[in-house]
Amino acid sequence: KDVEQLAEQPFLSGLKLTRKLHADIAHWQFVEKIDSAKADLVVMGTRGQTGLLHGGLVGTNAERAIRYSPVPVLVVPDRTAFTGIKRILFATDFSYPVKEHIDQVIEFAKLFNAELVVTVLISPDNFITTAFAQKQFAALSRLVSYPKVRYEAHNVDDIETGIATLIKTTKSDLLAM
């Protein structure tokens with residue numbers, strides 16, 4: 001009933017929606033369902049009790065969906081009220097080509113005229129030099145034409161805590177990874 005009511009909201013008009021509620025299925029079955037639906041985006045809820053980043057940002061089901069989904073996954077924490085998206089935190093470790101992913105995030109940011117904070121978290125387990133990060137940011141900034149982007153490198157003890165802290169300190173409404 002809640003899924004049906006959500007699908008009828010005015011802000012979703014014009015979108016082709018497939019409304020499905022899946023409960024208690026294995027992550028591999030979930031990915032199969034995404035493939036068969038030919039979805040462009042998965043939106044799912046979470047209570048954030050046990051999973052991703054071990055800091056309780058999302059639960060284990062959402063973590064598995066994020067890890068294995070062939071399309072972007074938008075995870076909405078329990079008891080979250082949508083008040084718009086003013087700032088998106090995009091976390092990267094530069095271990096993969098960032099350009100394709102940042103282009104997708106920018107297209108999403110444009111829908112809300114949101115600022116994009118591109119950040120790399122430097123930790124003992126993910127050590128890069130600040131100079132390397134700055135070089136990567138400079139190269140990326142030459143490829144990105146969106147005017148509302150800023151680049152930041154942060155030293156943190158661990159990635160999980162660093163992301164949770166940056167979400168709060170940057171006052172980000174959305175985390176993209």
Can you tell me how far the CZ atom of Arg142 sits from the CG atom of Leu140, to the nearest 0.5 Å?
9.5 Å
Whether over 12 other heavy atoms sit under 6.0 Å from Asp103 CG
yes
So, are Lys86 and Glu115 salt-bridged, with charged N and O less than 4.0 Å apart?
no
Minimal non-hydrogen separation, Arg87 against Arg150, with atom names:
NE-NH1, 4.0 Å
Under the criterion side-chain contact (heavy atoms from CB on, under 4.5 Å), which of Ile88, Asn113, Leu116 is the partner of Lys148?
Asn113
Where Val156 and Gly162 come nearest, the two heavy atoms and their spacing
CG1-CA, 3.7 Å
Side chains of Val120 and Tyr151: closer than 4.5 Å at any heavy-atom pair?
no
Thr129 (side chain) donor-acceptor with Phe132 (main chain) under 3.5 angstrom:
yes
When every non-hydrogen atom of Ile128 is compared with those of Ile122, the smallest separation belongs to O-CG2, 3.3 Å
CD of Glu160 to CG of Leu121: how many Å apart, nearest 0.5 Å?
10.0 Å
Any luck finding a side-chain donor-acceptor pair between Asp158 and Thr161 under 3.5 Å?
yes
Residues Val117, Leu166; criterion side-chain contact (heavy atoms from CB on, under 4.5 Å); working and verdict:
CA-CA 10 Å; Val117 180; Leu166 276 176; over 6 Å; no
Which heavy atom of Val71 sits nearest a heavy atom of Asp40, and at what distance?
CB-O, 3.7 Å
Between Ser123 and Asn126 (side chain of the first, backbone of the second, donor and acceptor by atom type, cut-off under 3.5 Å), is there such a pair?
yes
Approximate separation, where rounding is to 0.5 Å, of Leu111 CG and Ile106 CD1
12.5 Å
Between His101 and Phe90, is any pair of side-chain heavy atoms under 4.5 Å apart?
yes
Given 3.5 Å as the limit, does a donor-acceptor pair link the side chain of Ser172 with the main chain of Leu174, or not?
no
As an exercise, state the distance from CD1 of Ile159 to NE2 of His154, rounded to the nearest 0.5 Å.
11.5 Å
Distance col, row Leu89:CG vs Thr170:OG1, nearest 0.5 angstrom, shows 5.0 Å
On a heavy-atom basis, which atom in Phe112 and which in Ile85 lie closest, and how many Å separate them?
CB-O, 3.3 Å
Verify the cluster assignment for Leu143 and Val118: are they in a single hydrophobic cluster under the rule of side-chain heavy atoms below 4.5 Å apart?
no
Do any N or O atoms from the side chain of Thr119 and from the backbone of Glu152 form a donor-acceptor pair under 3.5 angstrom?
yes
